[in-house]
Amino acid sequence: MTDVPEPEPDATEPRVAVVGGGAVGVTAAYDLARQGAEVVVYEKDGIGGGSTGRAAGVLYDAFAAPEDARVGSRAIERFREFSGEGDFEFRETPYVWFARERDDERTAAIREQVPRMAEQGRDVSFADPADLRERFPAVDWSDVGVAAVAENAGRTDPGSYADLLAGKASEEGATVRTGVEVRIDADDLRVEAVGDEIESETFDAIVVAAGAHTKRLLAIAGIPVSLKPYRVQAVTVGFDGERRADVPMCYDATGGYYLRPHPEGLLAGDGTEEVESDPDDWAREADREFCDVTRERLAHRVGEFGAVREAWAGLCVATPDRDPLLGELRDGLFVAAGWQGHGFMRAPALGEAVAEAVLGETPLPEFDPTRFDGDETFAIVEGMAIE
Ligand SMILES: Cc1cc2nc3c(=O)[nH]c(=O)nc-3n(C[C@H](O)[C@H](O)[C@H](O)COP(=O)(O)OP(=O)(O)OC[C@H]3O[C@@H](n4cnc5c(N)ncnc54)[C@H](O)[C@@H]3O)c2cc1C
């Protein structure tokens with residue numbers, strides 16, 4: 001009888017560490033693992049325990065720049081694909097954004113952007129207030145100057161997406177370690193668990209998708225990056241179930257706030273603080289002033305609504321040009337961060353893109369993280385702001 005040799009482990013399979021179990025990290029882990037990489041995800045809290053679990057779940061592909069439109073549309077395509085798996089559900093809901101009468105600057109910006117979005121193949125169109133009244137009668141559109149509707153849009157519970165993708169990554173063979181905070185050594189591509197006992201492991205590649213902690217984690221490794229975490233807020237209020245069906249997702253560009261239907265009623269947010277936050281020391285609760293202003297806004301826009309159910313804050317991350325840092329920063333060290341408040345809606349495509357980058361492609365050269373030195377001076381601009 002001849003001996004059948006044991007199959008050799010495939011020497012070409014890269015070993016990849018993903019730091020961060022948010023929407024982007026778990027998507028990258030899934031896409032890497034299903035393509036044969038040996039993946040370990042390190043998450044210091046629970047899956048979705050960072051900004052992902054605090055996000056509003058507003059999803060759309062209404063972007064004018066070609067790379068943004070591509071990423072947005074791929075993300076929505078994947079959200080639809082995954083919908084119905086586990087607890088994750090993509091709920092089709094149009095997205096309406098508008099400037100109020102006499103807001104000439106934002107009116108001009110919306111008029112200029114919509115045709116460019118359409119040129120990119122996005123299903124967007126102008127809508128006049130009378131049409132909006134007919135289609136979405138629960139909302140007061142009387143002060144609207146110019147409005148547009150994106151049809152390729154929806155809403156979800158962001159935590160359910162992160163849980164689903166973490167599960168899918170595990171099914172593909174990834175190891176998902178929660179409750180493990182790590183530091184990295186960029187020269188040796190080593191990941192060290194921070195705790196009583198130091199354990200460390202080396203990899204062929206490290207993906208840092210650590211959200212608001214990305215800048216700090218890389219700074220500890222001696223690598224400056226141009227990222228600034230900033231605080232935003234959201235609130236849910238009760239709202240009549242029947243009228244809810246007549247509310248789209250909305251962004252009032254003049255008022256600088258958004259709202260969407262939510263299982264509890266309505267969810268509304270903004271409250272962007274244009275100052276850098278310390279990712280380890282920030283107020284988790286929403287401010288009273290934010291809640292008061294949001295109640296006034298909702299009263300104006302939808303009339304009667306119920307009590308505040310939940311009010312919270314979370315962190316987003318800004319970059320100097322409002323575009324992400326996504327790709328290889330140093331040999332074998334990849335970064336995926338800086339979403340300007342649009343990280344969740346693009347996560348299925350951003351995670352996929354960073355996985356492709358690790359596997360040797362250059363999917364989004366526009367977001368090359370080496371375009372900055374890391375010492376740039378820049379102001380934080382709210383991600384949804386239309387200028
Ligand atoms: C109130 C609010 C509303 C929002 N609404 C929307 C929205 O409607 N649509 C949208 O697209 N975006 C929205 N966002 C933005 C969105 O939440 C983020 O862009 C997105 O979740 C970023 O995902 P991420 O995976 O990059 O980061 P995160 O979800 O923050 O994940 C990073 C993870 O890394 C972990 N981590 C950090 N450091 C370490 C370490 N040293 N070791 C191990 N783990 C570490 C963290 O615990 C965290 O879980 C909103 C944000 C907030 C706060």
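One-based numbering, in listed order, for ligands and for the atoms of each. These figures come from a predicted structure and were not determined experimentally.
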Legend entry - Pair Glu376-Ser226, side-chain donor/acceptor within less than 3.5 Å: yes
Inset, instruction - For Thr52 and Tyr161, test the side chains for any donor-to-acceptor distance below 3.5 angstrom and give the result as yes or no. - result: no
Legend entry - Cluster companions of Leu325 among Ile, Leu, Val, Met, Phe, Trp, Tyr (side-chain spacing under 4.5 Å): Val19, Val40, Tyr42, Val180, Val182, Ile184, Leu189, Val191, Phe203, Ile206, Val208, Leu217, Leu218, Ile223, Val225, Leu227, Val317, Leu329, Leu333, Val335, Phe372
Legend entry - Transitive ILVMFWY cluster of Val96, excluding itself - 4.5 Å side-chain cut-off: Phe98, Leu132, Phe136, Val139, Trp141, Val144, Val149, Val235, Val237, Phe239, Val247, Tyr257, Leu259, Leu266, Phe290, Leu298, Val302, Phe305, Val308
Legend entry - Within 6.0 angstrom of Arg102 CZ, more than 12 heavy atoms from elsewhere: no
Legend entry - Qualifying side chain to side chain donor-acceptor pair (under 3.5 Å) pairs with a residue from residues 326-340, counting only residues at least two apart or across chains: none
Please tabulate, one line per pair, the protein nitrogen or oxygen atoms found under 3.5 angstrom from a nitrogen or oxygen of ligand 1, with distances to 0.1 Å, or say none if there are no such pairs.
residue  : atom   : partner : partner atom : Å
ligand 1 : 5 (N)  : Ala56   : N            : 2.9
ligand 1 : 8 (O)  : Gly57   : N            : 3.2
ligand 1 : 8 (O)  : Val58   : N            : 2.9
ligand 1 : 9 (N)  : Val58   : O            : 3.2
ligand 1 : 11 (O) : Phe344  : N            : 3.0
ligand 1 : 11 (O) : Met345  : N            : 2.6
ligand 1 : 12 (N) : Gly341  : O            : 3.0
ligand 1 : 12 (N) : Phe344  : N            : 3.4
ligand 1 : 17 (O) : Ser51   : O            : 3.2
ligand 1 : 19 (O) : Gly343  : N            : 3.0
ligand 1 : 21 (O) : Thr52   : N            : 3.2
ligand 1 : 21 (O) : Thr52   : OG1          : 3.0
ligand 1 : 23 (O) : Thr52   : OG1          : 3.4
ligand 1 : 25 (O) : Ala23   : N            : 3.2
ligand 1 : 25 (O) : Val24   : N            : 3.0
ligand 1 : 26 (O) : Trp339  : NE1          : 2.8
ligand 1 : 29 (O) : Ser51   : N            : 3.4
ligand 1 : 29 (O) : Thr52   : N            : 2.9
ligand 1 : 29 (O) : Thr52   : OG1          : 2.5
ligand 1 : 30 (O) : Ser51   : N            : 3.0
ligand 1 : 41 (N) : Val182  : O            : 2.9
ligand 1 : 42 (N) : Val182  : N            : 3.1
ligand 1 : 44 (N) : Lys44   : N            : 3.0
ligand 1 : 47 (O) : Glu43   : OE2          : 2.6
ligand 1 : 49 (O) : Glu43   : OE1          : 2.6
ligand 1 : 49 (O) : Glu43   : OE2          : 3.2
ligand 1 : 49 (O) : Gly50   : N            : 3.2

